[in-house]
Colleague: 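Before we start, here is the structure in question, set down as structure tokens.
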Protein chains: 2
Amino acid sequence: MKNYSKYPKYLVAVDCIIFGYDIQKKILKLLLVKRSFEPAKGSWSLAGGFVKEKESLDEAASRILRKLTGISNVYMTQSLTYGDTDRDPGARVISTAYYALTGISAIDYELVKDNGAHWRSVDDLPKLIFDHPRMVKKALADLQNLVKVKPVGFELLPEKFTLVQLQELYEAIYQKRIDKRNFRKKILSMGILEKLEEKEKETSKKGAWYYMFNEERYLKLDRNGFSFNLDVS
Amino acid sequence: MKNYSKYPKYLVAVDCIIFGYDIQKKILKLLLVKRSFEPAKGSWSLAGGFVKEKESLDEAASRILRKLTGISNVYMTQSLTYGDTDRDPGARVISTAYYALTGISAIDYELVKDNGAHWRSVDDLPKLIFDHPRMVKKALADLQNLVKVKPVGFELLPEKFTLVQLQELYEAIYQKRIDKRNFRKKILSMGILEKLEEKEKETSKKGAWYYMFNEERYLKLDRNGFSFNLDVS
DNA sequence: TATTTTAAGTGTATTTAATACATTTATTCT
DNA sequence: AGAATAAATGTATTAAATACACTTAAAATA
């Protein structure tokens with residue numbers, strides 16, 4: 001090995017698994033696009049794109065998300081990098097997957113529509129191109145593990161939410177029912193939620209108190225050795 | 001976007017964080033190399049290399065590990081991909097980190113020496129090039145989380161090991177003392193260890209019974225919903 | 001051959017966390 | 001005034017985590 005010049009170079013892309021939670025329908029969704037270029041033009045795909053010369057992988061992923069949805073400052077984290085030689089029939093492309101968590105309501109609906117993107121329930125996905133099904137499967141598994149040990153579920157909800165809504169979110173992610181009293185006992189005992197003096201009155205006559213996630217409080221507890229854990233029955 | 005031809009291409013590399021456990025000294029080590037080419041020739045570095053045209057990322061990582069140590073069939077798993085524009089001063093290089101778990105004794109010592117590689121204790125590492133310190137830090141954190149929930153610690157031990165040795169391994173990874181009786185109670189109650197009719201007699205007069213990890217048994221339990229968990233006091 | 005030395009091996013009580021489970025409350029609508 | 005609806009609440013039971021100290025097997029030595 002003398003220098004770098006004799007080594008091959010490849011196209012490098014990022015693909016974004018954009019999770020959104022539909023608080024009305026209580027289902028977890030993915031934002032998918034119809035591919036606008038060959039190969040596989042017109043097929044369903046994750047939002048993706050090639051990495052530019054002057055941006056990092058993280059920046060490329062943020063750019064792609066922003067272009068599609070109009071939002072930045074979103075929880076986004078790197079998943080695996082896919083590098084099989086034949087994963088893209090057009091050329092050798094190394095692609096790093098990222099997954100993002102966002103509230104569907106926060107998103108610019110017109111922009112999404114103009115980009116030909118659509119929200120699809122995670123348990124009713126269309127056929128996806130290439131190895132995108134693998135990417136989705138992996139990201140979903142990662143998400144299920146992540147929400148158990150980090151308070152990232154809140155990223156999928158509006159700023160104000162009720163305990164019923166929070167529980168429904170966890171039920172949608174875990175795909176199982178949770179006991180109401182145990183769930184509330186556990187999450188409230190952590191001391192990272194703040195009760196507001198305001199009720200959500202759409203879904204019941206009595207109304208349900210709104211809560212907010214107190215991030216500073218969580219970070220402080222975390223520094224003192226507290227571990228978020230919401231692995232409930 | 002019409003086709004792929006107008007997008008930039010980059011060098012793609014893999015870097016391997018090779019963990020080894022020194023059963024005598026009871027410390028976790030990393031296999032490091034002195035870089036043989038510019039830039040940063042002669043500096044300490046992770047074992048790495050560029051991805052060839054006809055190999056996947058996983059294959060590249062395996063090849064690099066095999067070339068350095070002589071071993072294959074090692075536990076190896078992908079970590080993060082590092083893609084900051086200026087991470088390598090020589091050129092833009094996107095690098096995917098992998099970490100491997102191996103018993104130091106299993107490794108071809110001559111080959112390692114010929115390659116200019118050295119085992120270094122994780123808590124006494126030399127200055128590493130580029131973003132390799134970040135890679136190591138991340139891999140160590142991943143390892144600490146992984147050994148709690150998957151029986152991969154055994155990959156760092158010889159096939160036959162004593163319960164004392166197993167406990168010492170966990171103590172080296174977690175960097176804390178563990179209660180002997182609680183550790184043994186927990187690991188034995190899982191039913192994934194097999195007691196042999198043979199004792200290790202080097203370190204004590206009484207001798208300590210050898211055990212083996214029974215992988216088939218673990219896989220069967222795992223399929224039936226059992227979760228490995230070794231998060232002990 | 002009795003005694004010392006060394007590390008391995010063992011059990012229980014206590015504390016804490018997880019689970020299972022049903023009724024009351026606030027409000028609106030009729 | 002009564003019915004309807006979803007939100008809110010507490011306790012007893014079970015299971016898991018923790019804290020803790022003495023006995024045993026074998027070799028070495030006196």
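Chain letters run A, B, ... following the sequence lines, proteins first and then strands; every chain starts at 1.
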Colleague: Quick one: label B/Thr203 by what it contacts on the DNA or RNA (base, sugar-phosphate, nothing), any heavy atom closer than 4.0 Å.
Modeller: sugar-phosphate
Colleague: When you check the side-chain N and O atoms of A/Asn229 and A/Lys186, is any donor under 3.5 Å from an acceptor?
Modeller: yes
Colleague: Rounded to the nearest angstrom, tell me the gap between atom CZ in B/Arg177 and atom C1' in D/dC20.
Modeller: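 The answer, rounded to whole Å, is 14 Å.
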Colleague: Atom CZ of B/Phe183 to atom P of D/dA17: distance rounded to whole Å?
Modeller: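 Taking CZ of B/Phe183 and P of D/dA17, I get 14 Å after rounding.
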Colleague: Polar pairs (N or O, both sides) under 3.5 Å between protein and nucleotides 11-15 of chain D?
Modeller:
| unit_1 | atom_1 | unit_2 | atom_2 | d |
| --- | --- | --- | --- | --- |
| D/dT11 | O4 | A/Lys185 | NZ | 3.1 |

Colleague: Could A/Glu171 and A/Arg177 be called an ion pair, given the rule that one side-chain N must be under 4.0 Å from one carboxylate O?
Modeller: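 Yes.
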Colleague: Output the residues of residues 165-173 of chain A in contact with DNA chain D, where contact means a heavy atom of the residue under 4.0 Å from an atom of the strand; sort by number or write none.
Modeller: none
Colleague: Answer yes if the side chains of B/Asp123 and B/Ser121 hold a donor-acceptor pair under 3.5 Å, and no otherwise.
Modeller: yes
Colleague: Taking the side chain as everything from C-beta on, heavy atoms only, tell me whether A/Pro151 gets closer than 4.5 Å to A/Phe213.
Modeller: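 In short, these two side chains touch, coming nearer than 4.5 Å.
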Colleague: Is B/Gln78 reaching over with its side chain to a backbone N or O of A/Thr81, donor-acceptor style, under 3.5 angstrom?
Modeller: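 At least one qualifying donor-acceptor pair exists.
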Colleague: Show me the donor-acceptor pairs, under 3.5 Å and distance only, between side chains in residues 22-29 of chain B and residues at least two apart or in other chains.
Modeller:
| unit_1 | atom_1 | unit_2 | atom_2 | d |
| --- | --- | --- | --- | --- |
| B/Asp22 | OD1 | B/Gln24 | N | 3.1 |
| B/Asp22 | OD1 | B/Lys25 | N | 3.0 |
| B/Asp22 | OD2 | B/Lys29 | NZ | 3.0 |
| B/Lys26 | NZ | B/Glu168 | OE2 | 3.1 |

Colleague: Are A/Lys150 and A/Phe228 in a cation-pi setup, meaning NZ or CZ lies under 6.0 angstrom from the ring centre and within 45 degrees of the ring axis?
Modeller: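 No - A/Lys150 does not lie over the ring of A/Phe228 by the 6.0 Å and 45° rule.
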Colleague: Please check: side-chain N/O of B/Gln144 versus main-chain N/O of B/Ile173, any donor-acceptor pairing under 3.5 Å?
Modeller: yes
Colleague: When the distance from CD of A/Glu202 to P of D/dA7 is rounded to whole Å, what number comes out?
Modeller: 13 Å
Colleague: Earliest and latest nucleotide of DNA chain C, 5' to 3', sitting under 4.0 Å from a non-hydrogen atom of chain B?
Modeller: C/dT5 to C/dT12
Colleague: Spell out protein contact along nucleotides 21-30 of chain D as letters: B when the base is contacted, S when just the sugar-phosphate is, - when no protein heavy atom is under 4.0 Å; keep the 5' to 3' order.
Modeller: B--BBBB---
Colleague: Looking only at heavy atoms, which two atoms of B/Trp209 and B/Leu196 are closest? And how far apart?
Modeller: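 Looking at all heavy atoms of both residues, the closest pair is CE3-O, 3.5 Å.
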Colleague: Examine the side chains of B/Asp58 and B/Tyr98 and answer whether a donor and an acceptor come within less than 3.5 Å of each other.
Modeller: yes
Colleague: Would you mind reporting whether A/Leu140 and A/Gln175 have side-chain heavy atoms less than 4.5 Å apart?
Modeller: no
Colleague: Please tell me whether B/His132 and B/Trp44 form a close aromatic pair, meaning their ring centres lie under 6.0 Å apart.
Modeller: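 Distance test on ring centres: not under 6.0 Å, no.
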Colleague: Rounding to an integer number of Å, can you tell me how far A/Leu188 CG sits from D/dG10 P?
Modeller: 12 Å
Colleague: Round to the nearest Å and state the distance from A/Lys195 atom NZ to D/dA7 atom C1'.
Modeller: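 My rounded result for the distance is 11 Å.
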Colleague: Partners of A/Arg63 by salt bridge (charged side-chain N to carboxylate O under 4.0 Å, His left out), sequence neighbours excluded?
Modeller: A/Glu55
